[in-house]
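Written out below as structure tokens is the structure these notes cover.
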Amino acid sequence: MTYTSSLLRLLEERGYIHQMTDAEGLDALAAKQVVPGYIGFDATAPSLHVGSLVQIMLLRRLQQAGHKPVVLMGGGTTRIGDPTGRDESRKMLSDATIEANIASIRTIFERFLTFGDGPTDAVMVNNHDWLGTLGYIELLQEVGTHFTVNRMLTFDSVKLRLEREQPMTFLEFNYMILQGYDFRHLARTMGVRLQMGGSDQWGNIVNGVELSRRMDQTEVFGVTTPLLTTADGAKMGKTAAGAVWLNDDALPSYDFWQYWRNVDDRDVGKFLRLFTDLPLDEIARLEALPGSEINAAKVVLANEVTALCRGKEAAAAAESTAQATFAAGGVGEDLPELELPSDGLSLIDALVGIGFAASKGEAKRLIAGGGARVDGTAITDEAHRIPGGREVRISAGKKKHGVLRPA
RNA sequence: GGACAGGUGGCCGAGUGGUUAAAGGCAGCAGACUGUAAAUCUGCCCGCGCAAGCGUACGCUAGUUCGAAUCUAGCCCUGUCCA
């Protein structure tokens with residue numbers, strides 16, 4: 001269908017929309033007024049990772065289309081743990097940890113959104129502010145009456161857990177109620193009319209929409225994004241080294257850049273549309289590049305996303321390091337470094353020290369497998385020693401490179 | 001509270017006294033081929049040690065035994081059903 005609002009047109013053509021509660025209603029609303037919309041984020045870690053980037057970009061698009069993004073931090077719900085997609089109950093975090101996490105996560109959003117007091121400026125709220133003061137009886141009376149257990153049991157998050165015979169505590173069972181309550185609270189106090197989220201949040205979003213209608217007769221809307229997987233079916237944002245974090249103190253910018261540089265060919269166009277501000281015709285040109293030329297599009301993708309998330313300088317530094325390292329076979333300044341003692345260092349210790357191997361055994365296996373290189377030459381002798389006094393380039397596999405610098 | 005079933009390496013899942021650091025699969029790492037892609041093939045995949053070897057590991061603890069993930073007892077946890 002063709003939308004009249006710039007918001008839905010933008011979201012549609014860039015591939016953000018999976019499901020909507022009432023497309024026509026939302027389209028009409030967005031065409032005539034500023035729509036405050038929110039997305040909820042967990043505060044379980046001090047950084048969000050690439051898996052949340054679609055949601056972050058969604059808020060950015062909302063602002064670009066002239067609406068007001070509201071970032072909801074789950075300071076309250078994190079104390080419970082979202083059962084969605086999890087087999088096991090989540091560990092509880094201390095209040096201090098949660099607060100610190102929220103502060104750290106906020107720095108990411110400040111790169112993607114313009115915060116302030118204006119009508120379309122972004123704001124960040126914490127659901128602990130209202131959930132924390134909500135009494136149990138009050139919750140049961142006000143909110144609980146609008147949920148039937150019959151219906152709650154039909155939700156995937158609950159059903160899956162029961163089918164797999166995994167435990168689900170009553171605490172977690174209440175999560176959906178609280179999340180629905182969030183929406184209604186924001187609708188009442190801030191005029192929020194839209195909640196967005198991943199497709200796994202559909203049930204929670206619908207609950208909030210219905211809760212607002214039942215308690216306040218307010219019409220609010222929900223939009224979910226498609227579940228983002230890479231072309232080979234894996235969830236986004238996982239690598240051997242762990243999650244691809246957005247905060248630069250959790251993952252070096254060079255590694256972040258490399259993540260995007262190495263995406264599957266088939267994902268390039270999709271990612272460019274979702275994660276960059278490049279115009280669509282430019283993206284169409286890039287993703288149509290034949291054969292190995294597609295690598296140019298990946299460099300653009302890596303530059304754009306890194307610039308957005310880490311800043312232009314970080315992107316430029318990462319690119320020039322990659323250029324120097326891969327194309328010229330030299331050494332870029334963004335590579336991981338390790339001090340090289342004047343009397344040299346064993347190859348094994350060097351690999352472990354720079355973080356290319358988790359243990360000496362792993363380093364040995366790497367060497368035995370022919371994956372260890374010193375100055376570009378494969379070394380298969382486990383006992384190899386690197387002499388000191390000179391800068392040495394060390395590699396594990398084709399992609400991981402580092403530098404040993406004399407002390 | 002009772003009956004029954006179960007708790008194995010990152011995940012799934014075999015194994016019911018010794019040749020088991022524990023089959024198989026997934027995930028991961030490396031090599032070949034390439035384009036820092038995919039697919040495919042090959043090797044690797046607990047830690048320490050140059051090595052022979054040592055140390056840890058099958059929910060926890062204590063036993064039986066020359067020897068236990070495998071047998072016994074107690075405990076903890078989970079599920080299903082019953083109260």
Side-chain angles (χ1 to χ4, degrees), chain A residues 83 85-89 91 158-170 172 229-244 254-272 286-303 306 318-332 334-336 346-349 351-352 354-374 376-385 393-402:
Chain A
R86 285 168 197 278
D87 290 344
E88 287 181 26
S89 302
K91 294 167 247 356
V158 178
K159 214 165 55 183
L160 283 175
R161 197 76 83 81
L162 295 177
E163 275 169 10
R164 302 183 68 171
E165 301 193 347
Q166 297 286 346
M168 168 172 254
T169 66
F170 185 63
E172 294 171 284
T229 52
T230 58
D232 47 7
K235 271 195 190 164
M236 273 201 74
K238 265 179 37 186
T239 67
V244 180
Y254 175 70
D255 293 329
F256 185 83
W257 192 92
Q258 282 293 327
Y259 174 78
W260 296 102
R261 171 61 185 81
N262 281 314
V263 298
D264 193 299
D265 285 7
R266 294 165 290 179
D267 289 325
V268 174
K270 180 168 75 172
F271 288 178
L272 282 168
L286 287 170
E287 73 176 325
L289 289 173
S292 64
E293 287 177 41
I294 192 78
N295 283 329
K298 294 186 189 180
V299 171
V300 172
L301 174 68
N303 281 337
T306 307
E319 188 191 5
S320 74
T321 292
Q323 167 71 21
T325 308
F326 286 96
V331 169
D334 239 14
L335 293 179
S346 78
L347 179 55
I348 289 174
D349 288 337
L351 288 168
V352 173
I354 207 161
F356 290 167
S359 67
K360 291 186 182 184
E362 196 177 307
K364 268 185 241 175
R365 281 178 232 122
L366 182 69
I367 295 167
R373 288 188 188 76
V374 174
T377 317
I379 305 288
T380 50
D381 173 19
E382 285 182 11
H384 182 80
R385 261 193 95 73
R393 172 183 141 118
I394 182 173
S395 313
K398 272 176 245 164
K399 293 181 201 167
K400 280 178 286 187
H401 304 284

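Numbered from 1 within each chain, the chains take letters A, B, ... in sequence-line order.
Atom C1' of B:A22 sits at a distance of 14 Å from the matching atom of B:U16, rounded to the whole Å. Comparing the P positions of B:U72 and B:U20 gives an interatomic distance of 24 Å, to the nearest angstrom. Spacing of P atoms, B:C60 relative to B:C76, comes out at 15 Å, to the nearest Å. B:G10 sits 11 Å from B:C45 when the C1' atoms are compared, rounded to a whole Å. Comparing the C1' positions of B:C48 and B:A21 gives an interatomic distance of 14 Å, to the nearest angstrom. Comparing the same atom, P, in B:G13 and in B:U8 gives a spacing of 9 Å after rounding to whole Å. Of the C1' atoms belonging to B:G43 and B:A57, the separation is 25 Å, rounded to the nearest Å. Atom P of B:G47 sits at a distance of 16 Å from the matching atom of B:A52, rounded to the whole Å.
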task = Would you sort out whether A:Thr321 and A:His401 count as a side-chain contact (heavy atoms from CB on, under 4.5 Å), showing the intermediate values?
result = CA-CA 10 Å; A:Thr321 292; A:His401 304 284; over 6 Å; no

inquiry  = Working note: A:Asp349 + A:Lys360, criterion side-chain contact (heavy atoms from CB on, under 4.5 Å); need CA distance, chi angles, decisive distance, verdict.
reply    = CA-CA 7 Å; A:Asp349 288 337; A:Lys360 291 186 182 184; 3.5 Å; yes

query = Under the side-chain contact (heavy atoms from CB on, under 4.5 Å) criterion, do A:Lys364 and A:Ile348 qualify, and how do the steps go?
reply = CA-CA 7 Å; A:Lys364 268 185 241 175; A:Ile348 289 174; 3.5 Å; yes

request  = Decide yes or no on side chain to side chain donor-acceptor pair (under 3.5 Å) for A:Asn295 and A:Ser292, but give the supporting numbers first.
outcome  = CA-CA 6 Å; A:Asn295 283 329; A:Ser292 64; 5.3 Å; no

task = For A:Val268 and A:Val300, run side-chain contact (heavy atoms from CB on, under 4.5 Å): C-alpha distance rounded to whole Å, both residues' side-chain angles, the deciding distance at 0.1 Å, then the answer.
result = CA-CA 10 Å; A:Val268 174; A:Val300 172; over 6 Å; no

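Straight-line distance from the CG atom of A:Leu351 to the P atom of B:C29: 16 Å, rounded to whole Å. One interatomic measurement links the two molecules: CH2 of A:Trp257 to P of B:U36, which rounds to 12 Å at whole-angstrom precision. Going from atom CG of A:Asp265 over to atom C1' of B:U36 covers 11 Å, rounded to whole Å. Here the C1' atom of nucleotide B:G35 and the CD atom of A:Glu287 are 18 Å apart, to the nearest Å. For the pair A:Asp267 CG and B:U36 P, the computed distance is 18 Å after rounding to whole Å. Between A:Asn262 atom CG and B:C29 atom C1' there is a gap of 15 Å when expressed in whole angstrom units.
Annotation: side chain of A:Glu319 is in contact with side chain of A:Trp257 (closest heavy-atom distance under 4.5 Å). Looking at A:Phe356 and A:Ser395, their side chains never come closer than 4.5 Å, going by heavy atoms from C-beta outward. Counting only heavy atoms from C-beta outward, the side chains of A:Leu347 and A:Ile394 approach each other to under 4.5 Å. At a threshold of 4.5 Å between non-hydrogen side-chain atoms, the residues A:Val352 and A:Glu362 do not count as touching.
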ask   = Dot-bracket for RNA chain B: what is it, with Watson-Crick or G-U pairs under 3.5 Å, [ ] where a pair crosses earlier ones, and | for a pair to another strand?
value = ((((((((.[[[..)..(.....]]].(((((.......))))).(((....)))...[[[[[..)....]]]]]))))))).

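Residue-level contact check: A:Ala372 touches neither bases nor backbone, having no heavy atom under 4.0 Å from any strand. Within the 4.0 angstrom heavy-atom criterion, no nucleotide atom of any strand lies near A:Glu293. If you check every strand for non-hydrogen atoms under 4.0 Å, A:Val263 touches sugar and phosphate atoms only.
Contact between the side-chain N/O atoms of A:Lys399 and the OP1/OP2 oxygens of B:A37 is found at a separation under 4.0 Å. For A:Arg266 and B:A39, the shortest distance from a side-chain N or O to OP1 or OP2 is not below 4.0 Å.
By the side chain to side chain donor-acceptor pair (under 3.5 Å) test, A:Asn262 pairs with A:Gln258, sequence neighbours left out.
The base of B:U34 is paired with the side chain of A:Lys398 by a donor and an acceptor separated by under 3.5 Å.
RNA chain B is contacted by both A:Ala322 and A:Leu366; A:Leu366 maps to the nucleotide lying nearer its 5′ end (nearest heavy atom per residue).
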query = Tell me, for nucleotides 46-51 of chain B in 5' to 3' order, what letter each nucleotide earns: B for a base near a protein heavy atom under 4.0 Å, S for only sugar-phosphate near one, - for neither?
reply = -SSB-S

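Atom-to-atom distance recorded for A:Asp255:CG and A:Arg261:CZ is 14.5 Å, nearest 0.5 angstrom.
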